[in-house]
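Here is the structure we will look at, set down as structure tokens.
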Amino acid sequence: MSVRVRFAPSPTGYLHVGATRSALFNYLYARQKGGKFLLRIEDTDLARSTDESTRSILEGLAWIGLEPDEEIVFQSANADKHRAIAKRLLAEGKAYRDFTPKEAPSDGPVKESIKERARAQGGEKNMRDNPYRDLSTVESDTRAASGEPFAIRLKVPEVGKTAFEDGVFGLQERNYAETEDLVLLRSDGHPLYNLAVVCDDIEMAITDVIRGQDHLTNTHKQILIYEALGVAPPKFAHLPLILAPGGKKLSKRLHGEIVSLTTYRDAGFLAASFRNFLALLGWSASEEQEIYTFEELIEKFSLEGVHRSSAIFNYEPNNPKRWTDDKLIWMNAEYIRTMPLAGLLPFVKAELKAAKLWREEYEPEGRAVAATIDSTESQSFENATEMGDRPAALAINLPQVGSHEWYIRTVDLIRARFFTLKDFSAQGRSYFSEDFDFDPAAIEKNLNKFPDLKNWLPELADRFESEFQEKAYSEENIETVVKAFTEEKGTKLGVIMNGARTLLTGVAVGPSMLSVFEVIGLERTLMRLRSRVAFNA
RNA sequence: GUCCGGUUCGUCUAGGGGUUAGGACACCGCCCUUUCACGGCGGCAACACGGGUUCAAAUCCCGUACCGGAUACCA
């Protein structure tokens with residue numbers, strides 16, 4: 001029988017990081033086994049489920065690359081079938097009507113009150129003491145016919161135990177005595193989670209259930225339902241939980257948007273790096289490798305490699321540098337600087353577009369224009385002004401700047417220092433626009449400390465202008481000119497370079513200045529070196 | 001309370017009777033260097049505790065502590 005797994009989130013909010021990892025492990029497992037990965041939206045809690053949430057889950061899965069192989073199943077659509085099955089179990093005497101009036105919902109956090117009650121009952125509670133458990137069929141039918149409300153509970157056998165071999169946790173056993181007669185159908189006729197899950201898993205022909213460890217006790221309950229139904233249960237595997245730094249289960253309520261997948265997409269993370277990071281949280285291929293392609297993950301994934309202990313997802317809410325897990329940030333940077341450039345380009349394009357920094361000339365079709373520029377001798381910029389559709393006031397002469405070649409070279413140059421895609425439009429802004437900010441710390445350190453620069457840098461611009469009338473504005477030539485200039489002024493190369501860096505890019509960090517000069521282009525270099533805007537700031 | 005599970009550097013983890021207990025992130029230092037990174041080299045840093053088994057225990061067994069999960073007419 002070929003493997004069929006499912007990811008079954010309830011649409012009560014955004015897609016959770018922990019849920020995403022469950023989805024990922026299911027997906028990896030299915031792909032490796034040549035099986036199918038299915039999606040079921042568990043929207044049986046009408047009060048809490050929203051379409052908005054369903055959309056957000058779908059969106060998140062699409063982003064992270066875990067799209068289902070078959071039509072999405074909405075659990076609520078199967079409610080009639082679930083009810084019918086509950087009735088069948090009732091008719092077969094495997095379930096019974098419980099006429100106990102529904103408890104009024106307690107105020108305060110539900111989890112807390114459940115826990116309180118459980119603690120009060122202690123380990124002494126007899127799970128089989130429901131007075132309606134052995135009500136005669138006749139009386140049960142009569143009371144039901146009279147319109148008295150009832151819930152339907154599974155009649156868990158007195159003696160015995162549920163047992164299954166968990167793919168991660170090994171043999172799991174639980175005495176029937178520890179499992180209550182769980183409710184299958186609410187008194188308002190609404191099917192409950194465990195019943196719905198079992199029915200749907202059977203209907204979807206699920207062979208392997210891979211889900212969070214918080215479902216371990218549900219599994220015993222569900223096996224009871226499988227037994228009552230006379231259907232062989234699927235294989236089960238439970239995943240360790242992901243914990244927040246405090247040690248608590250990472251949750252929406254406690255930890256906010258740090259657990260939302262979309263947070264990472266919106267913050268400029270690559271789906272590939274996020275996937276890679278998630279895969280390594282609670283799973284290991286037992287080797288010293290950190291970076292895995294999707295294909296490698298599929299190939300190497302195994303339930304045996306999944307841990308039994310939960311992992312902490314580190315983050316510091318008030319530390320901008322560490323707002324999320326260090327290793328995740330590192331991994332994203334690693335992807336950005338080492339992945340094939342062609343793979344990165346579409347993401348950079350999207351980011352620049354969103355920041356309104358994108359220009360059509362960066363497209364490969366822009367080649368024709370760029371080629372013209374290159375071939376018509378080095379520094380003829382006539383064409384450049386035609387490239388943009390900026391207002392005249394902002395129009396600047398872009399040298400080969402603006403061509404597709406310039407664009408990919410620039411991206412390749414600056415990506416080495418970036419952590420997220422956002423950096424292309426933030427730190428990298430000065431490469432794509434005249435409208436960029438100056439970092440006060442950079443001004444202080446690189447300009448104000450050397451007052452001479454106020455005159456030197458415009459002077460350097462003049463020097464560039466005369467020197468590069470004939471010569472190509474290349475790194476090699478630039479170096480010669482700047483070095484000569486530095487010697488004349490009797491200063492250190494770093495003073496000139498860093499001063500220029502600040503005026504040219506607004507920041508104190510970046511690639512080699514020779515590359516920066518070249519990539520900014522002569523026209524913009526002259527303009528920026530002559531600009532006093534930073535000095536006046 | 002009861003049931004289930006867990007505990008190796010700060011974090012993610014490798015190892016699972018004999019290891020100088022390995023790697024990654026983070027941090028620190030040095031090198032490279034016009035800046036910041038990258039890269040290279042080095043450093044800091046861990047087997048929860050107590051018994052037992054054994055020639056030998058981080059590794060196997062028992063107990064303790066601590067942590068987590070579960071507990072519903074939620075999912």
Side-chain angles (χ1 to χ4, degrees), chain A residues 8-12 42-45 47-49 75 98 100-103 105-106 110-111 113-115 117-125 149-153 168-169 172-175 178-180 182-188 190 192-194 196-197 212-218 220 238 240-241 243 245 247-249 277 280-291 307-314 322 325-331 333-334 337-338 416-419 442 445-446 482 486 492-502 505 507-514 516:
Chain A
S10 58
T12 56
E42 310 227 311
D43 56 347
T44 60
D45 187 340
R48 292 197 299 152
S49 301
Q75 191 157 64
D98 181 359
T100 311
K102 187 181 174 187
E103 231 176 276
S106 63
V110 187
K111 285 265 184 204
S113 54
I114 299 294
K115 194 173 180 169
R117 186 205 304 175
R119 212 198 315 272
Q121 289 167 345
E124 304 303 302
K125 163 123 173 107
F150 59 87
I152 294 181
R153 284 186 185 271
V168 171
F169 288 89
Q172 295 291 305
E173 296 180 302
R174 188 175 167 96
N175 287 324
E178 280 149 18
T179 304
E180 68 165 351
L182 56 140
V183 172
L184 302 175
L185 214 57
R186 238 154 53 175
S187 50
D188 61 3
H190 186 84
L192 250 25
Y193 174 73
N194 283 304
V197 165
Q213 194 202 115
D214 47 348
H215 282 289
L216 258 168
T217 49
N218 280 331
H220 286 99
H238 292 84
L241 268 13
L243 270 30
K248 292 286 180 197
K249 183 166 76 158
F277 172 76
L280 261 23
L281 214 49
W283 171 81
S284 156
S286 294
E287 58 185 2
E288 290 177 0
Q289 183 177 339
E290 305 286 336
I291 304 295
H307 306 160
R308 297 183 183 189
S309 53
S310 31
I312 292 176
F313 183 94
N314 245 316
R322 298 193 152 160
D325 198 286
D326 275 337
K327 200 157 187 172
L328 171 57
I329 294 173
W330 166 79
M331 194 167 280
E334 180 74 10
R337 67 173 170 256
T338 62
R417 286 160 181 78
F418 289 170
F419 291 92
K445 178 178 152 207
N446 293 336
V482 174
T486 303
K492 282 190 281 190
L493 190 61
V495 173
I496 300 296
M497 287 298 199
N498 290 323
R501 177 190 302 285
T502 305
T505 66
V507 293
V509 306
S512 150
M513 261 319 283
L514 296 173
V516 173

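Here is how names work: the chains are called A, B, and so on, in the same order as the sequence lines, proteins then strands, and each is numbered from 1.
Considering only side-chain N and O atoms, A:His307 lies under 4.0 angstrom from the phosphate OP1 or OP2 of B:U13. For A:Gln172, a side-chain nitrogen or oxygen approaches OP1 or OP2 of B:G5 to under 4.0 Å. For B:C73, the OP1/OP2 oxygens have a side-chain nitrogen or oxygen of A:Arg153 closer than 4.0 Å. Note on A:Thr217: every side-chain N or O is 4.0 Å or more away from OP1 and OP2 of B:C3. Within the 4.0 Å cut-off from OP1 or OP2 of B:G15, at least one side-chain nitrogen or oxygen of A:Ser286 is found. Within the 4.0 Å cut-off from OP1 or OP2 of B:A70, at least one side-chain nitrogen or oxygen of A:Lys111 is found. Within the 4.0 Å cut-off from OP1 or OP2 of B:G6, not a single side-chain nitrogen or oxygen of A:Ser310 is found. Side-chain N/O atoms of A:Lys248 include one lying less than 4.0 angstrom from OP1 or OP2 on B:G68. OP1 and OP2 of B:G5 both lie 4.0 Å or more from every side-chain N or O belonging to A:His215.
Remark: the A:Asn446 side chain and the A:Thr502 side chain contain an N/O donor-acceptor pair separated by less than 3.5 Å.
Of the nucleotides present, B:U7 is the one that pairs with B:A65 by Watson-Crick or G-U wobble criteria, both distances under 3.5 Å. Nucleotide B:C38 forms no Watson-Crick or G-U wobble pair with any nucleotide shown, as no partner meets the under 3.5 Å limit on both distances. With both pairing distances under 3.5 Å, B:U71 is matched to B:G1 as a Watson-Crick or G-U wobble pair. In this structure B:U19 sits in no base pair that meets the Watson-Crick or G-U test at under 3.5 Å. A 3.5 Å limit on both hydrogen-bonding distances identifies no Watson-Crick or G-U partner for B:A58. Pairing for B:C27 is with B:G43, a Watson-Crick or G-U wobble pair whose two hydrogen-bonding atom distances lie under 3.5 Å. When both pairing distances are held under 3.5 Å, B:U53 makes no Watson-Crick or G-U pair with any nucleotide shown.
No N or O donor and acceptor, one from the side chain of A:Asn218 and one from the base of B:A70, sit under 3.5 Å apart. Applying the 3.5 Å distance criterion, the base of B:C36 shares a donor-acceptor pair with the side chain of A:Arg417. No hydrogens or angles were tested; on distance alone, a donor-acceptor pair under 3.5 Å links the side chain of A:Ser512 to the base of B:U34. Interface remark: the A:Ser187 side chain does form a donor-acceptor pair with the B:C73 base, using a distance-only criterion of under 3.5 Å.
Salt bridge annotation for A:Lys125-A:Glu178: absent, with no cationic side-chain nitrogen under 4.0 angstrom from a carboxylate oxygen. Between A:Lys327 and A:Glu290 there is a salt bridge, since at least one side-chain N of the basic residue sits less than 4.0 Å from a carboxylate O of the acidic one.
With ring centers used as reference points, A:Phe169 lies 6.0 Å or more from A:His307.
Between B:G17 and B:C36, the distance separating the two P atoms is 49 Å to the nearest Å. Remark: the separation of the C1' atoms in B:G43 and B:A26 is 14 Å, to the nearest Å. Taking atom P in both B:C62 and B:C67, the straight-line distance is 23 Å, to the nearest Å. Taking the P atoms as reference points, B:A37 lies 13 Å from B:C30, given to the whole Å. B:U8 and B:U13 are spaced 9 Å apart, taking the C1' atom of each and rounding to whole Å. Comparing the P positions of B:C25 and B:G42 gives a spacing of 15 Å, expressed to the nearest Å. For the C1' atom pair drawn from B:U54 and B:U59, the interatomic distance equals 13 Å after rounding to whole Å. Comparing B:A46 with B:A21, their C1' atoms are spaced 9 Å from each other, to the whole Å.
At distances below 3.5 Å, not a single donor-acceptor pair connects side-chain atoms of A:Arg153 with backbone N or O atoms of A:Leu182. Side-chain atoms of A:Glu287 do not come within 3.5 Å of backbone N or O of A:Gln289 as any donor-acceptor pair. A:Arg322 places no side-chain N or O within 3.5 Å of a backbone atom of A:Asn314 that could act as its donor or acceptor partner.
Of the listed nucleotides (B:C73, B:U35, B:G69), B:U35 has the atom at the smallest distance from the side chain of A:Asn498. The side chain of A:Lys102 approaches B:C74 more closely than any other nucleotide in the set B:C74, B:U35, B:G1. Of the candidate nucleotides B:U71, B:U13, B:A24, B:A24 has the atom nearest to the side chain of A:Lys327. Side chain of A:Leu241, nearest nucleotide from B:G68, B:U34, B:A72: B:G68. Taking every side-chain heavy atom of A:Ala311 into account, B:C12 is the closest of B:C12, B:A72, B:G1. Among the nucleotides B:U71, B:G23, B:G39, the one closest to any side-chain atom of A:Ala118 is B:U71. Nearest nucleotide to the A:Arg48 side chain, out of B:A75, B:U35, B:C38: B:A75.
A:Phe419 places its CZ atom 12 Å from the C1' atom of B:A26, with the value rounded to the nearest Å. Distance A:Leu185 CG to B:C74 C1': 15 Å, rounded to the nearest Å. For the pair A:Glu178 CD and B:C3 P, the computed distance is 6 Å after rounding to whole Å. For A:Lys492 and B:U34, the NZ to P distance is 11 Å, given to the nearest whole Å. Remark: C1' of B:U13 and CE of A:Met331 are 12 Å apart, rounded to the nearest angstrom. A straight line from CZ of A:Arg308 to C1' of B:G6 spans 10 Å, rounded to a whole angstrom. In this structure, A:Glu290 atom CD and B:A14 atom P are separated by 11 Å, rounded to whole Å. Atom P of nucleotide B:C3 and atom CZ of A:Phe169 are separated by 18 Å, given to the nearest angstrom.
With the nearest nucleotide of RNA chain B identified for both A:Gln75 and A:Ala285, A:Ala285 has the one nearer the 5' end. Each of A:Ile114 and A:Phe313 was assigned the nucleotide of RNA chain B with the nearest heavy atom; the assignment lying further toward the 5' end belongs to A:Phe313.
Annotation: side chain of A:Val197 is in contact with side chain of A:Gln75 (closest heavy-atom distance under 4.5 Å). Side-chain contact between A:Met497 and A:Thr486 is absent, with no heavy-atom pair separated by less than 4.5 Å.
Within 4.0 Å (heavy atoms only), A:Thr44 reaches sugar-phosphate atoms of the nucleic acid but no base atom. Using a 4.0 Å heavy-atom distance criterion, A:Ala151 is classed as a base contact. Heavy atoms of A:Gly282 sit under 4.0 angstrom from primed sugar atoms or phosphate atoms, though from no base atom. As judged by a 4.0 angstrom heavy-atom cut-off over every strand, A:Glu103 is placed among residues making no nucleic acid contact. A:Lys125 comes within contact range of no nucleotide atom at all, as no heavy-atom separation falls under 4.0 Å. Note on A:Pro245: nothing from the nucleic acid sits closer than 4.0 angstrom, heavy atoms only.
Taking both residues in full, the closest heavy atoms of A:Glu42 and A:Pro11 are given as O-CD, 3.3 Å, listed atom of the first, atom of the second, then distance.
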